[in-house]
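Just so you know, these numbers use all the heavy atoms, side chains as well, and skip hydrogens, waters and symmetry mates.
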Amino acid sequence: MTARTTDVPPTPGDPRRSWLREHSELGVCVMLLALGVLVLTDALTMDVEITQRGPVGPKTVPVVVGIGLLVIAALLAVDVLRGGRGEAEGGEDIDLSEPADWRTVSLLAGVFLGAAVLIEPLGFPLAGALLFWGAAFTLGSRRFDRDPLIAAVLSLVTYAVFNNLLGVPLPGGPLMGVL
């Protein structure tokens with residue numbers, strides 16, 4: 001009879017786990033690599049008519065950004081594998097022994113997704129105001145007298161800058177006739 005071997009999950013003293021913990025910055029390298037490939041793929045498959053191109057076409061900036069992301073990912077990976085480590089700033093007051101505040105992160109993600117869903121039916125000014133106020137509330141502000149007002153002003157100014165000054169059309173929703 002032959003002995004059967006099974007993969008045993010790594011234990012805390014396992015060298016594989018400690019190597020991954022010491023080289024955790026490689027996760028950032030993988031993310032940058034994936035983002036660079038995504039940007040390059042999207043840029044190179046972009047349909048551009050010859051009449052839309054000038055000396056610098058719409059593909060130029062995304063290609064440069066994609067190549068830059070790939071180069072940065074490679075350089076960071078080489079640095080990490082050679083023993084380089086990111087150092088915390090002197091002014092950081094983060095206690096790494098404390099667990100992450102997943103409630104706040106989840107609430108912020110919910111506020112963001114809610115604004116993304118509401119932007120089409122309500123328009124940017126209202127959805128943006130809800131986004132700004134919801135983020136402030138989630139992060140601890142409880143000034144119900146001023147926060148909604150600040151959120152509304154910030155949202156309207158953002159809408160006006162993008163829609164009127166920069167020419168980036170944002171959905172106005174029910175306020176389209178007023179703004």
So which heavy atom on [X] is nearest to which on [Y], and how close?
| X | Y | answer |
| --- | --- | --- |
| Leu122 | Ala127 | CB-N, 4.5 Å |
| Lys59 | Met46 | CE-O, 3.1 Å |
| Ala43 | Val63 | CB-CG2, 3.9 Å |
| Ala152 | Ala129 | CA-CB, 4.0 Å |
| Leu108 | Leu139 | CD1-CD2, 3.9 Å |
| Thr138 | Thr104 | CG2-O, 3.7 Å |

Could you grab the distance from atom [atom1] of [X] to atom [atom2] of [Y], nearest 0.5 Å is fine?
| X | Y | atom1 | atom2 | answer |
| --- | --- | --- | --- | --- |
| Phe124 | Leu156 | CZ | CG | 9.5 Å |
| Leu33 | Leu69 | CG | CG | 9.5 Å |
| Leu26 | Leu81 | CG | CG | 5.0 Å |
| Leu126 | Tyr159 | CG | OH | 11.0 Å |
| Leu154 | Leu149 | CG | CG | 11.0 Å |
| Ile150 | Phe132 | CD1 | CZ | 12.0 Å |

Side-chain heavy atoms nearer than 4.5 Å, only ILVMFWY residues, links allowed to pass through others: does that put [X] and [Y] together?
| X | Y | value |
| --- | --- | --- |
| Val157 | Leu170 | yes |
| Phe137 | Leu130 | no |
| Val71 | Leu44 | yes |
| Val117 | Leu113 | no |
| Val61 | Leu40 | no |

| said: Looking at Arg82, I want to see if its CZ is surrounded by more than 12 non-hydrogen atoms of other residues, nucleotides or ligands under 6.0 Å. | reply: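 No.
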| query | By side chain to side chain contact (heavy atoms under 4.5 Å, CB included), which residues pair with Ile72, not counting sequence neighbours? | reply |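 Partners of Ile72 under the side chain to side chain contact (heavy atoms under 4.5 Å, CB included) test: Leu32.
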| task | For side chain to side chain contact (heavy atoms under 4.5 Å, CB included), just list the numbers for Asp101 and Val105, CA-CA rounded to whole Å, side-chain angles, deciding distance to a tenth of an Å, and then say yes or no. | result | CA-CA 7 Å; Asp101 185 6; Val105 172; 5.7 Å; no
| Any residue meeting salt bridge (Lys or Arg N to Asp or Glu O under 4.0 Å) with Asp145, in chain and number order, not counting sequence neighbours |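 Salt bridge (Lys or Arg N to Asp or Glu O under 4.0 Å) check on Asp145 returns Arg143.
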